[in-house]
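Structure first, then comments.
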Amino acid sequence: MSAFLELTESQLDALREIGTIGAGNGATALSVMMGKRIHMTVPEIKIIPFTEVTEALGGAEQVVAGLFTTTTGEAPCNILFVLPIESARVLVDILMGRPLGTTAELDALDKSALAEVANVVSGAYLNSLSGFTKLDFIPSVPAIAIDMAGAILDTVLAQAGTIGDHALLLETEFSAIKEKITGQFFLLPEQGSLEKILESLGVTG
């Protein structure tokens, strides 16, 4: 049975607290990067089977921007940060200083800017997680793909062969402008990593 399915309410509370603090740190870093005040919240956290991730993204054929990061260290994890393509375009407009609604297709520079956002958001979460657990998480450079959600999930599964069968989903919302930008942040621990994280948190059930 997946360790995710055995989480107690206190363990979920601990993971929720880490997500909230990580979002706060991420908002601060993004505010500096984008030159304007950014609010970032995690309105919902839940455990879902990996097979339901595409449904959470709006369906297998939904076009999204997917940013994938792996971490090495004492409790290896995978992070998938997904933005609906509309949110990705708005975010790129802001990052590149363009009037909203300008970006239609994402070029290499636009994708590089999105990867940097993923780097900031993932880094903030991992710093929060490391602060609570005292474990080291060493992230890779994010890989980015613009594709259908189903295709991106297939790629993630192919790259992360030892991944568990459930994911921790943190709904993420950015707000700073008229349009709200939403994203979904999935933590996908490798086998045995979740147990090590919970043990380090002192919430082993």
Side-chain angles (χ1 to χ4, degrees), residues 2-34 36-50 52-53 56-57 65-71 73-84 87-88 90-91 94 114 116-139 142 164 166-177 179-190 193-205:
S2 169
F4 266 144
L5 295 181
E6 301 171 343
L7 292 179
T8 65
E9 193 57 40
S10 64
Q11 290 170 332
L12 278 173
D13 284 344
L15 293 173
R16 186 179 292 111
E17 179 70 8
I18 292 169
T20 300
I21 292 174
N25 293 339
T28 300
L30 283 177
S31 295
V32 173
M33 176 182 174
M34 298 169 74
K36 60 175 63 181
R37 188 170 180 78
I38 302 293
H39 298 279
M40 200 165 98
T41 60
V42 181
E44 186 174 12
I45 177 171
K46 57 186 176 183
I47 308 299
I48 61 172
F50 199 83
E52 294 180 9
V53 170
L57 298 175
L67 299 118
F68 183 63
T69 304
T70 61
T71 77
E74 298 164 272
C77 296
N78 302 277
I79 291 173
L80 179 62
F81 183 50
V82 181
L83 294 162
S87 288
V90 171
L91 196 52
I94 298 170
L114 285 177
E116 186 55 29
V117 170
N119 206 26
V120 167
V121 174
S122 300
Y125 180 80
L126 291 173
N127 284 340
S128 176
L129 187 58
S130 182
F132 276 92
T133 63
K134 309 305 179 190
L135 298 172
D136 289 328
F137 298 90
I138 305 164
H166 283 72
L168 175 69
L169 166 62
L170 294 91
E171 297 272 0
T172 308
E173 290 184 359
F174 305 82
S175 59
I177 50 172
E179 288 80 0
K180 183 171 66 177
I181 302 170
T182 60
Q184 286 158 312
F185 184 96
F186 297 91
L187 178 69
L188 310 160
E190 294 190 6
S193 292
L194 181 61
E195 291 85 349
K196 189 169 293 184
I197 289 169
L198 293 174
E199 181 180 355
S200 299
L201 289 171
V203 286
T204 52

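- In this structure, L80 and V82 have side chains that are in contact, with non-hydrogen atoms separated by less than 4.5 Å.
- Residues A56 and L169 come closest through the heavy atom pair CB-CD2, 4.4 Å.
- Shortest non-hydrogen contact noted between L83 and L91 is CD1-CD2, 4.0 Å.
- Listed for the S31 side chain is a donor-acceptor partner under 3.5 Å among the backbone atoms of A27.
- Evaluation of the side-chain hydrogen bond (donor to acceptor under 3.5 Å, both in side chains) test over residues 14-24, restricted to residues two or more places apart or in two chains, returns D13-R16.
- How far NZ of K196 is from OG1 of T133: 11.0 Å, rounded to the nearest 0.5 Å.
- Counting heavy atoms from C-beta outward, T71 and N78 have side chains that stay 4.5 Å or more apart.
- Across C77 and F137, no two heavy atoms sit closer than the pair SG-CE2, 4.3 Å.
- Put simply, the side chain of I94 reaches to within 4.5 Å of the side chain of I181, judged on heavy atoms.
- Across L135 and S130, no two heavy atoms sit closer than the pair O-OG, 2.6 Å.
- Closest heavy-atom contact between L194 and P189: N-CB, 3.9 Å.
- Put simply, the side chain of I79 reaches to within 4.5 Å of the side chain of L126, judged on heavy atoms.
- Taking 4.5 Å as the limit, some side-chain heavy atom of F186 sits within range of a side-chain heavy atom of I48.
- Separating the OH atom in Y125 from the CG atom in L187 is a distance of 4.5 Å, to the nearest 0.5 Å.
- Considering all non-hydrogen atoms of both residues, S193 and A75 come closest at OG-C, 3.3 Å.
- Shown are N127, I18, I197; of these, the side-chain contact (heavy atoms from CB on, under 4.5 Å) with F132 is made only by I18.
- Between the CZ atom in F81 and the CG atom in N119 there is a gap of 11.5 Å [rounded to 0.5 Å].
- To the nearest 0.5 angstrom, L114 atom CG is 10.5 Å from S87 atom OG.
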